[in-house]
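Notes follow once the structure below has been shown.
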Number of protein chains: 4
Amino acid sequence: MTDGRARRRVDTRQRLFEAAVELIAEQGFSATTVDDIAARAGVAKGTVYYNFASKTSLFEELLRHGIGLLTEQFRAAVAGLPPRPALAALVRAQLEYIRRYRAFAQLLLSEMWRTNREWQQTLRLLRAEAIGVIAETVRAGVDAGDLPADLDVQLASSALFGVGLVVAVDWLVFQPDRPVEDVQEALLAIVRRVAHT
Amino acid sequence: MTDGRARRRVDTRQRLFEAAVELIAEQGFSATTVDDIAARAGVAKGTVYYNFASKTSLFEELLRHGIGLLTEQFRAAVAGLPPRPALAALVRAQLEYIRRYRAFAQLLLSEMWRTNREWQQTLRLLRAEAIGVIAETVRAGVDAGDLPADLDVQLASSALFGVGLVVAVDWLVFQPDRPVEDVQEALLAIVRRVAHT
Amino acid sequence: MTDGRARRRVDTRQRLFEAAVELIAEQGFSATTVDDIAARAGVAKGTVYYNFASKTSLFEELLRHGIGLLTEQFRAAVAGLPPRPALAALVRAQLEYIRRYRAFAQLLLSEMWRTNREWQQTLRLLRAEAIGVIAETVRAGVDAGDLPADLDVQLASSALFGVGLVVAVDWLVFQPDRPVEDVQEALLAIVRRVAHT
Amino acid sequence: MTDGRARRRVDTRQRLFEAAVELIAEQGFSATTVDDIAARAGVAKGTVYYNFASKTSLFEELLRHGIGLLTEQFRAAVAGLPPRPALAALVRAQLEYIRRYRAFAQLLLSEMWRTNREWQQTLRLLRAEAIGVIAETVRAGVDAGDLPADLDVQLASSALFGVGLVVAVDWLVFQPDRPVEDVQEALLAIVRRVAHT
DNA sequence: TATGAATGAGAATTCATTCAT
DNA sequence: CATGAATGAATTCTCATTCAT
C-alpha cells in the first residue's frame, strides 16, 4: 500500500540522489561531504543516515541506479534492430541519456578510469553490463559482415562507449551553447566511417 | 659548482611530484593524503610544506608541469610538418606521452571535466594551451583543404584530444596487455577517415 | 517546553566560554590549544568546532560577550546618578566585575593594547562601547562644572578604565590576600582627588 | 679585541632583539614565529639559533635586557634627590623610557600580569628589581613624613608602576598624536595629589 | 659566523558516523 | 520518519629545532 509515509521516504531518497549526483559530479566523491548533500537536498544530516547505510553505499546505489538506467536505454534502443541501425541507435541513446543526466555522466567520466577505490568492483561490473549491450551489437555486426571480421569486439565497444562519453561531456562542460545535434552528427559520422571498414 | 642545497631541493620537489601523480591518479586528489605523498616520496610530512604552500598548490604545480610537458611534445611533434602528417604526429605524440606518463594521463582524465574545483581556472588555461596546438594544426588543415571547410575547429580539436586520452587510458587500465600499436593504429584509422571527408 | 537540544547546545557553549576564558587568561590566546579548551569544558574537540567556526571566532565571541556584560554593568551603575556619584559607582562596578570575572579581566589586560591581531577591530569597537559609558559620565561632570573644563574627556576616560583594570588585576595576581576594599578605597581616593581639581 | 667578526655578531644579536621586541609587542610571544623574527631582522632562520639557544631564551634575554635598562634609568633618575622630587623624577623616567622603547613597554604590559608562562619566574624577579627602586623612594617618603605613614609601600609602588605603564601605552596605541607632555602632566598631577594625603 | 633544507611533534580543522529526542 | 548535537579519528598545516654545508 502506497501510504504517505512510504511516498515521503521515496521522495527523500530521490532528493538525496539528485543532490549527491550533482555535487559529486562537480567536486568528486571525497570532496563532497555528507553535510553538503543534506544541505542541497534540504534535509538534516541525520536523514542521510536514516536513508542510507553510509556515504559510500549511497554512492554505490547511485552508480547502480544510474548505470542501470543507461543499460535499460541501451537495450530499448537496439531492440529488434539490425546491427548497423542498432549501432547508430546506441550512439543516439547514449547522447540522449547524457543530455538528460548530465551530472551523472560527468561523474562517470571522472570515476570510470580510476583504480584503487572502494567501489571499483561495483563499477567494473556495472560497466561490463552497459558495455555488454554495445558488445552484443558489435558482435552481431561482425557476424553479419557489417563490421570487419578481425575487429576486437571488447576494445571497440569500450572505445565507442568512452568516446561518446568524453565527447558529450566535453561539449556539455566547455561548449554548452552548441546544439546537441552537432555533436550527435559528428559522432555518428565517425562511427559510420569506422564501421565501413 | 652549483649550490648543493639548491640541487637537493630540486630533487625533493621532483620526488614529491612523482609520488603525488601516482597516488592522485589512483585515488583522486581528495582521497590522497599529504602523509601518503610524503611517505611515498620518502620524506617527512613537513618537507611537503617546506616545498609547496599547500596540498592544492602542489597539485596545481603538478598540472602546470605535466601539461606543460605535453604541450612541448605537441609542438615538437608538429614542427615543420604539413597538416595531414602533423595530425598523425599529434596522435602519436599523445599516445607516446600517455604511455610514458600514464599516471598523469589517468589523473587528467579524471579531473579535466570536473567543475567547481579550486584549480579549475588553472586547468582550463593549461588545457587551452595544449589543445591550442592541435587547433592550429586542424585550422591549417582546413585552410589547406585537407579537412572539411565547415569543420568546427574548437570542437574537433577538443574531441580529438579527449578521444585520444580516453581510448589510451582505457587501454592502459582495462587491457594493458595489448600492444600499444593496436591502439595507435585504431586511433590513426579513425582520424584518417574523418580527415578524408 | 523549549527544545531540549537547544538548551543542551547553549549549555555547551557556556561551558566552552568558561573554559576558554580561564585558559586564555593564564596563557594567552596562542598558547591555549583547542584541545585544552575542550578538555577543560569536558567535551570532545569536535564539539568546539560544532559550536564555533574557529578558535579565533570563539575568542571573538568571548570578547563580545565579556565586554558586553561589562558595558551593561556600567550602564546599570550610572543609571540616574549625578556625575560625581556616578563616577564612583563606575569604579565600584568595574572592581565588582573584575572580582567576579577575574580571568576575563586578566585576559583583557593582556590583549587590550596589542596591535596586529585578527580580532583587533572587534576589540576596538567593544572597548569604545564600554569606555563610552565612562566618557558620557565624565562629560556630564565637565558640563556640570564638577570636573575641570579643559579635561580631555577621551584621554581621561581611557586612563580611568585602564587604571582600574591594571590596579585590580595587579592586586588579584600579586596580592590576592588583601581585601578588595583596600583597592577600592585607594582607587576611589585617586579619582576623588583628580575630580576635585 | 673588537674585531670585525665580534662586532658583526653583536649587530646581529641587536637586530634580532629589535625584530623580536616589535613582533612580540604586536602579536605576543606565541604568535610570533622564529621565521618572522629572522625575516624582520633580515637574517636566515638558522642565524637565530646560532645566536640564541632557543626562542624562549631569546625572549628571556630580551626581558632581562629591557627591564635592566629600565631599572638603570630609574636609579639614575632618583640619584641624590629627596623623596618628593624623586617620585616625580621616576614618573618622568618611566614615560621617557616608554617613549623610547615603546614596543618593549607594550610587550611588558601584555606579559606582566600573565600567569603560567615559562618565563614567569624571570619576569617576577625583574619586576621586583624595577619596582624595588620605586619602593625605596616611596619608603623614604613615608619615613620622611612626605607620604602617609600607613601607606602600603608594595601596593603603592606596583600601582604606580602599573598606572604609568598602562596610561602611557594607551596613549601610544590609541592617541599617538597627542603630545607626551599632556600624559606626563596628567600622571604627575595624580601622583602629586595622592602624595598629598 | 651564517645558512636554509629538512624534520616531526603538535596544533587547527574537517567530517563520516552515532544516538538521544 | 526525521533531526541535529556531539564525537573522535583522520587530515591539513605550523613551527621550533637540527644539521650538513
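Naming convention: chains lettered A, B, ... in sequence-line order (proteins, then strands); numbering from 1 in each chain. Note that the coordinates shown come from a computational prediction; the quantities given were computed from them, not determined experimentally.
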### Query
Could you state the CD-P distance from Gln14(B) to dA5(E), rounded to the nearest angstrom?
17 Å

### Task
Please identify each residue that fulfils side-chain hydrogen bond (donor to acceptor under 3.5 Å, both in side chains) with Glu129(A), with sequence neighbours left out.
none

#### Entry: For DNA chain F, the dot-bracket pattern of Watson-Crick and G-U pairs whose distances stay under 3.5 Å, | for other-strand partners
.||||||||||||||||||||

### Task
Can you tell me the distance, in whole Å, between the CG atom of Asp36(B) and the P atom of dA10(F)?
13 Å

### Query
According to the salt bridge (charged side-chain N to carboxylate O under 4.0 Å, His left out) rule, which pairs have a member within residues 48-60 of chain B, sequence neighbours left out?
Glu60(B)-Arg64(B)

### Message
Suppose the criterion is salt bridge (charged side-chain N to carboxylate O under 4.0 Å, His left out): which pairs have a residue in residues 39-51 of chain D, not counting sequence neighbours?
### Response
Glu22(D)-Arg40(D), Glu26(D)-Arg40(D), Asp35(D)-Lys45(D)

## Note on the structure
Leu16(C) atom CG is separated from dA5(F) atom C1', nearest whole Å, by 12 Å

### Task
Enumerate the residues from residues 20-33 of chain C whose closest heavy atom to DNA chain E is under 4.0 Å, giving them by residue number; use none for an empty result.
Thr32(C), Thr33(C)

#### Entry: Partner set under side chain to side chain contact (heavy atoms under 4.5 Å, CB included) for Glu118(B), not counting sequence neighbours
Thr56(B)

### Query
What integer distance in Å separates Arg7(B):CZ from dT21(F):C1'?
12 Å

### Query
Hey, does the side-chain of Lys45(A) have a donor or acceptor N/O within less than 3.5 Å of a partner on the base of dT17(E)?
yes

#### Entry: Minimum-distance nucleotide to Ala44(A) side chain [options: dG4(F), dT7(E), dA6(E)]
dG4(F)

### Query
Looking at residues at least two apart in the chain, or sitting in another chain, which of them share a side-chain hydrogen bond (donor to acceptor under 3.5 Å, both in side chains) with Arg15(C)?
none

### Query
Taking only N and O in the side chain of Thr12(B), is any of them less than 4.0 Å away from OP1 or OP2 of dA5(E)?
no

### Message
Can you list, in residue-number order, the parts of residues 46-64 of chain C that come under 4.0 Å of DNA chain E, counting heavy atoms only?
### Response
Tyr49(C), Ser54(C), Lys55(C)

Sequence neighbours left out, cut at 3.5 Å: what donor-acceptor pairs do the side chains of residues 104-111 of chain B make with other protein atoms?
unit_1: Gln106(B); atom_1: NE2; unit_2: Trp113(A); atom_2: O; d: 2.9
unit_1: Gln106(B); atom_1: NE2; unit_2: Thr115(A); atom_2: OG1; d: 3.3
unit_1: Ser110(B); atom_1: OG; unit_2: Ser110(A); atom_2: O; d: 3.1
unit_1: Ser110(B); atom_1: OG; unit_2: Arg114(A); atom_2: NE; d: 3.4
unit_1: Ser110(B); atom_1: OG; unit_2: Gln106(B); atom_2: O; d: 3.4

### Query
What is the distance, rounded to the nearest whole Å, between atom CD of Glu118(B) and atom C1' of dT12(F)?
12 Å

### Task
Check the distance between dA6(E)'s C1' and Asp11(B)'s CG and give it to me in whole angstrom.
14 Å

### Query
Rounded to the nearest 0.5 Å, what separation is found between the CG atom of Leu69(D) and the NE2 atom of His65(D)?
5.5 Å

### Query
Residues in salt bridge (charged side-chain N to carboxylate O under 4.0 Å, His left out) with Arg13(B), at least two apart?
Glu61(B)

#### Entry: Comparing Asp35(A) and Arg8(C) on DNA chain E - which has the more 5′ nearest nucleotide
Asp35(A)

### Query
How close or far is atom C1' of dA6(E) from atom CZ of Arg13(B), stated in whole angstroms?
15 Å

### Summary
Sorted by chain and residue number, the salt bridge (charged side-chain N to carboxylate O under 4.0 Å, His left out) partners of Arg127(B) (sequence neighbours excluded) come out as Asp170(A)

#### Entry: With Thr47(D) via side-chain hydrogen bond (donor to acceptor under 3.5 Å, both in side chains) - residues at least two apart
none

### Query
For the atom pair CD1 (Ile24(D)) and CG (Leu58(D)), what is the distance rounded to the nearest 0.5 Å?
6.5 Å

